[in-house]
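Structure, as structure tokens:
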Amino acid sequence: MDAISVNTTYGWGTILASLRILSLGELLHLIAEWMPASFSHLDAFELTILGLIGAVLYCGVKLPLPRIALALGLLHMALSHVRNLELFALLLPLAALTPVATQFGLHAASVVRLRAMPAAMLIAALCASTWFIAVRRDMSPPTIHSPAAAVDALKAHNVQRVLNDLQFGGYLIWRQVPVFVDGRAELYGEKFEIAYYRALQLKDVDGFLDLLKTYRIDAVMLDPATPASKFLDHIDGWQRLYADDRVVVHVRAAG
């Protein structure tokens, strides 16, 4: 079996996955990680950009044209989609470090080298700190994405077809509960997910009611802030099974 098939369920389709995602049109504006960076409030990314611009202006940093193009390309990607911020942080130093070090005369001889003993001490310190954090902190997924009590209630009620909010998809799959939708937008397509979004936001009330009927939904698991979760409180034939500050579960009323 080839390496791509081992590492991803898309197989060779991985090569085209990015193209399918970027062709989702309007849907990209509804997915947080594909939204453009926003400077409406001060954050770490904006401070980093301002700091880099200030450093370049103050120090007079010069880069070769190919590296300038690479740096600008990385910045464009980070500004276009917030999911590329990590890529920007990872690759920009690699693009700029060598010419900057050469320009300012920073040679390997002037850099403190870690010898065997200091390196071993550093590794031991990192292992110890990792162990200390692991034993003192709960390393489980954030509760906002892993509503264990709500899923326990669903399983106890023996529901078969769940209409879920997007952020609960991965956890439901892990708990072996069939999902209506999950975070892999490229699998569902723009048309389906836009209709799904409009239905849950009650921009299309008839569309929401059609989802319940067409797919024979017998349980709905939504974020309390999703308009459809409040709407179900006023629809005959539905009742609340479980609710907390992160999730609300409705099921079809008996009889």
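We number each residue from 1, following the sequence as shown.
The hydrophobic cluster containing Leu70 also contains Leu94, counting ILVMFWY residues as joined when their side-chain heavy atoms lie under 4.5 angstrom apart, directly or transitively. Both Leu90 and Leu52 are assigned to one and the same hydrophobic cluster, defined by single-linkage of ILVMFWY side chains at heavy-atom distances under 4.5 Å. Val56 and Leu97 fall into different hydrophobic clusters, defined by Ile, Leu, Val, Met, Phe, Trp and Tyr side-chain heavy atoms under 4.5 Å apart, directly or through other members. In the hydrophobic clustering of ILVMFWY residues, with side-chain heavy atoms under 4.5 Å counting as a link, Phe88 and Val61 come out apart. The hydrophobic cluster containing Phe45 does not contain Leu50, counting ILVMFWY residues as joined when their side-chain heavy atoms lie under 4.5 angstrom apart, directly or transitively.
Under the rule for a side-chain contact (heavy atoms from CB on, under 4.5 Å), the partners of Ala71 that lie at least two apart in sequence or sit in another chain are Leu92. In this structure, the side-chain contact (heavy atoms from CB on, under 4.5 Å) partners of Leu232, at least two apart in sequence or on a different chain, are Phe208, Leu212, Val220, Ile235, Trp238, His250. Scored by the side-chain contact (heavy atoms from CB on, under 4.5 Å) test, Ile53 finds Ile49, Leu57 as partners (sequence neighbours excluded). Phe192 pairs by the ring-ring contact (aromatic ring centres under 6.0 Å, His included) definition with Phe180, Tyr188, not counting sequence neighbours. Remark: Tyr242 pairs with Asp244 by the side chain to side chain donor-acceptor pair (under 3.5 Å) rule, at least two apart or across chains. The side-chain contact (heavy atoms from CB on, under 4.5 Å) search around Pro36 returns none, not counting sequence neighbours.
Residue pairs meeting the salt bridge (charged side-chain N to carboxylate O under 4.0 Å, His left out) criterion with at least one partner in residues 148-166, sequence neighbours excluded, are Asp152-Arg175. Judged as a salt bridge (charged side-chain N to carboxylate O under 4.0 Å, His left out), the pairs with a partner in residues 223-236 (not counting sequence neighbours) are, in order, Asp233-Arg240. Contacts classified as salt bridge (charged side-chain N to carboxylate O under 4.0 Å, His left out) and involving residues 68-87 (residues at least two apart or in different chains) are given here: Glu33-Arg83. Here salt bridge (charged side-chain N to carboxylate O under 4.0 Å, His left out) pairs that include residues 202-219, with residues two or more places apart or in two chains, number zero. Evaluation of the side-chain hydrogen bond (donor to acceptor under 3.5 Å, both in side chains) test over residues 40-53, restricted to residues two or more places apart or in two chains, returns Ser38-Ser40.
Nearest heavy atom pair, residue Val100 against residue Leu63, reads CG2-CD2, 4.2 Å. The two atoms that bring Pro178 and Val162 nearest to each other are O-CB, 4.2 Å, heavy atoms only. Of all the heavy atoms in Ala37 and Ala78, the pair that sits closest is CB-O, 3.8 Å. The two residues Pro147 and Val247 have their closest heavy-atom pair at CB-CG1, 3.9 Å. The minimum heavy-atom distance between Leu163 and Leu222, with the atom names listed, is O-CD2, 4.2 Å. Residues Pro64 and Pro99 share a closest heavy-atom pair of CD-CB, 3.9 Å.
Going from atom CZ of Phe168 over to atom CD1 of Ile173 covers 14.0 Å, rounded to the nearest 0.5 Å. Between Leu200 atom CG and Asn164 atom CG the span is 9.0 Å, to the nearest 0.5 Å. One distance of note links CD of Glu193 with CZ of Arg198; it measures 14.5 Å at 0.5 Å rounding. The structure places CG of Leu79 at 11.0 Å from CG of Leu74, a figure rounded to the nearest 0.5 Å. Distance CG/Leu241 to NE2/His157: 6.0 Å, rounded to 0.5 Å. The CG atom of Leu87 sits 12.0 Å away from the NE2 atom of His81 when rounded to the nearest 0.5 Å.
Listed for the Tyr196 side chain is no donor-acceptor partner under 3.5 Å among the backbone atoms of Leu211. The main-chain N or O of Lys62 is never found under 3.5 Å from a side-chain atom of Arg67 such that the two would form a donor-acceptor pair. The closest donor-acceptor contact from the side chain of Ser146 to the backbone of Tyr171 lies at 3.5 Å or more, if one exists at all.
In the hydrophobic clustering, Tyr58 connects to no other residue, as no ILVMFWY side-chain heavy atoms lie under 4.5 Å from its own.
Using a 4.5 Å heavy-atom threshold, the side chains of Tyr197 and Val181 count as separate. Side-chain contact between Gln103 and Cys59 is absent, with no heavy atoms from C-beta onward closer than 4.5 Å.
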